[in-house]
There are 2 protein chains.
Amino acid sequence: MPFDDIAAALRRAGHRVTPQRLAIIRTVLASEEHLTPGALYEKVRRMDPEIGEVTVYRTLNILSELGLVCMVHTGENAHSFVSRPPEHHDHLICSGCGKVINFTGCNIDALEKRLVSETGFTIEEHRLDLFGRCHECAAVTARG
Amino acid sequence: MPFDDIAAALRRAGHRVTPQRLAIIRTVLASEEHLTPGALYEKVRRMDPEIGEVTVYRTLNILSELGLVCMVHTGENAHSFVSRPPEHHDHLICSGCGKVINFTGCNIDALEKRLVSETGFTIEEHRLDLFGRCHECAAVTARG
DNA sequence: AGATAAATGAAAACGTTTGTCAATTATTGG
DNA sequence: CCAATAATTGACAAACGTTTTCATTTATCT
Ligand SMILES: [Zn+2]
Ligand SMILES: [Zn+2]
Ligand SMILES: [Zn+2]
Ligand SMILES: [Zn+2]
C-alpha cells in the first residue's frame, strides 16, 4: 500500500496526520522484514530522535485496526508489524537449515467458505506455514 | 493424547516426571478450552496449592516443544495452550475476543504435493491459523 | 539408602503493552 | 492568518507476561 494512500486513509478515518505518524509509516514501508514495536521504535528514532516509544505503539495499533499494516503473530513474546504486501503469500520452512521459501497460490478459498458457513466467522486473513526439509537437509538426515 | 502417553514421552525425552508436571498435564487434558499459562496456573492451584507459576511456564514450554500440547498464537498478548487432539486440526481465531475454534479437514494435500514437486522439500507438518471475527465481534464492529 | 543432576519456588530482572496527564499541535472555521 | 478546539504527544508509571537466578528440594539411578 503506497504512502499517500495510508496517510489519506488515516485522515479519512478521523485521525490526524502528524509528523510522528508519517515517520512511522515511512519506516514500516521501508522495511522488508517484520518488526516489533520496540525494533521499529529504534529505527524511527533515526528519523525523529524525539519520538516516544508509546507513540509507536499507539500508531501501530491504529494502522493495524484500519488494515493499513499487517500484524503478525510470530510465536515470540511480541507482535510484529509489516507493510501489507502486494500479493498474499505463505511460507515453506526448512527445519534443518532454516531456509524460507515464499509461495503463492495457497488456494484455501473453499476451506474459508466452508468455515464461514459453519461458524459464522468473518475471515480476514490467514497464516500458513509448512515445515519440512529441503533437498540438501533431507539428504543429510537419510545418511545420518 | 492420553495422560500416560504424555508422561511416558516426557520420561523418554530425558525429563523427570514430577507431581507438579502431572498436575499440569491433568489440568490441560481436563480443559476443553485454550488456556494461557496464567489461567492454567489458577486452575492447577486447586489441585496443588503450593505450585509455583514459574513451573507452569517451564512445563508448558517443554510439553509444547515435545509436541505433547498445542500452542496457539491468538493475537492476544499471551499464548494459549490446549491438549493435542488425536487427529490433526487447525485454528480459527477471533481477533476481537480471542476465541479459538478448532477445525479439521484443512485438506492441503494437493498443495503439499505441488510444493514437493516444485521445491524438492520433504514436508512434515504445517500450521494453519485463520484470523477473523466471530459473529458477536463482527456485530460490534459494524455498529461502531 | 546414597549419589547426582534435574526440578522447584521465591524473588527479581526483563521486555511488552497500557493508563494518566500536562503540554503541545493539527485541524477547522471565521 | 489567527484563534478555538480537541486530538495527539511524550514522560512517567503501572500492569502484564515471561525468563533468569539461585538456594533448596526431589526424582531417578546404582
Ligand atoms: Zn535445509
Ligand atoms: Zn495463504
Ligand atoms: Zn469474537
Ligand atoms: Zn491442517
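Below, chains carry the letters A, B, ... as their sequence lines are ordered, and counting in each starts from 1. Because the structure is predicted, anything quoted here is derived from the model rather than measured.
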*Asks:* Hey, does A/Leu60 have a side-chain heavy atom less than 4.5 Å from the side chain of A/Leu40?
*Replies:*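 Yes, close enough: below the 4.5 Å cut-off.
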
*Asks:* Expressed as a whole number of angstroms, how long is the span from A/His79:NE2 to D/dC16:C1'?
*Replies:*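 Going from NE2 in A/His79 over to C1' in D/dC16 covers 13 Å.
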
*Asks:* Judged by each residue's nearest nucleotide on DNA chain D, which is more toward the 5′ side, A/His15 or B/Glu53?
*Replies:*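 Looking at the nearest nucleotide for each, A/His15 comes out on the 5' side.
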
*Asks:* Tell me which nucleotide among C/dT27, D/dT19, D/dT9 gets nearest to the side chain of A/Thr18.
*Replies:*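 The answer is D/dT9, which lies nearest to the side chain.
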
*Asks:* What's the CG-C1' distance between A/Asn77 and D/dC16, to the nearest Å?
*Replies:*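 These atoms are roughly 12 Å apart.
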
*Asks:* Quick check on DNA chain D: between A/Ile62 and B/Asn61, whose nearest nucleotide comes earlier from the 5' end?
*Replies:*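 Its nearest nucleotide lies further toward 5', so the answer is A/Ile62.
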
*Asks:* In terms of heavy-atom contacts, does CD of B/Glu87 have more than 12 from other residues, nucleotides or ligands at under 6.0 Å?
*Replies:*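 No.
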
*Asks:* For A/Gln20 and D/dT9, give me the distance from atom CD to atom P, rounded to whole Å.
*Replies:*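 About 5 Å, once rounded to whole Å.
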
*Asks:* Picking from D/dA27, C/dA26, C/dT20, which would you name as closest to the side chain of B/Arg16?
*Replies:*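 Per side-chain heavy atoms of B/Arg16, the pick is D/dA27.
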
*Asks:* Taking all heavy atoms of A/Leu66 and all of A/Leu10, pick out the closest pair and write down the distance.
*Replies:*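 The answer is CD1-CD2, 4.1 Å.
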
*Asks:* Which of the following nucleotides, C/dT17, C/dT8, D/dT20, is nearest to the side chain of A/Ala78?
*Replies:*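 From the listed options, C/dT17 comes nearest.
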
*Asks:* I need the minimum non-hydrogen distance between B/Thr104 and B/His88, along with the two atoms involved.
*Replies:*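 Closest heavy-atom pair between B/Thr104 and B/His88: CG2-O, 3.5 Å.
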
*Asks:* Would B/Val100 end up clustered with A/Ile123 when hydrophobic side chains under 4.5 Å apart are linked, directly or stepwise?
*Replies:*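 Shared cluster, no.
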
*Asks:* Expressed as a whole number of angstroms, how long is the span from A/Arg21:CZ to C/dT27:C1'?
*Replies:*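 Going from A/Arg21 (CZ) to C/dT27 (C1'), I get 13 Å.
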
*Asks:* Are any of the side-chain nitrogens in B/Glu50 or B/Arg45 under 4.0 Å away from the carboxylate oxygens of its partner?
*Replies:*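 The answer is no: the pair does not qualify as a salt bridge.
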
*Asks:* Take atom CG of A/Asp48 and atom C1' of D/dT9, then tell me their distance rounded to the nearest Å.
*Replies:*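 Answer to the nearest Å: 11 Å.
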
*Asks:* Nearest to the side chain of B/Arg11 - D/dC12, C/dA10, D/dT28?
*Replies:*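 The answer is D/dT28.
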
*Asks:* Counting side-chain heavy atoms from CB outward, which of D/dT18, D/dT19, D/dG10 is closest to A/Arg58?
*Replies:*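 Shortest atom-to-atom distance from the side chain points to D/dG10.
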
*Asks:* Could you tell me how far apart B/Tyr57 (OH) and C/dC14 (P) are, to the nearest whole angstrom?
*Replies:*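 After rounding, the reported distance stands at 18 Å.
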
*Asks:* Near DNA chain D, counting only heavy atoms under 4.0 Å, which residues of residues 24-41 of chain A show up?
*Replies:*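 Close to the strand, none.
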
*Asks:* Write down the distance between CD (B/Glu50) and P (D/dT26), rounded to a whole number of angstrom.
*Replies:*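 Nearest whole value for this atom pair: 11 Å.
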
*Asks:* Specify the separation, in whole Å, of atom CD of B/Glu76 and atom P of C/dT16.
*Replies:*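 These atoms are roughly 18 Å apart.
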
*Asks:* Answer yes if the ring centres of B/His73 and B/His91 are under 6.0 angstrom apart, and no otherwise.
*Replies:*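 For B/His73 and B/His91, the ring centres are not under 6.0 Å apart.
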
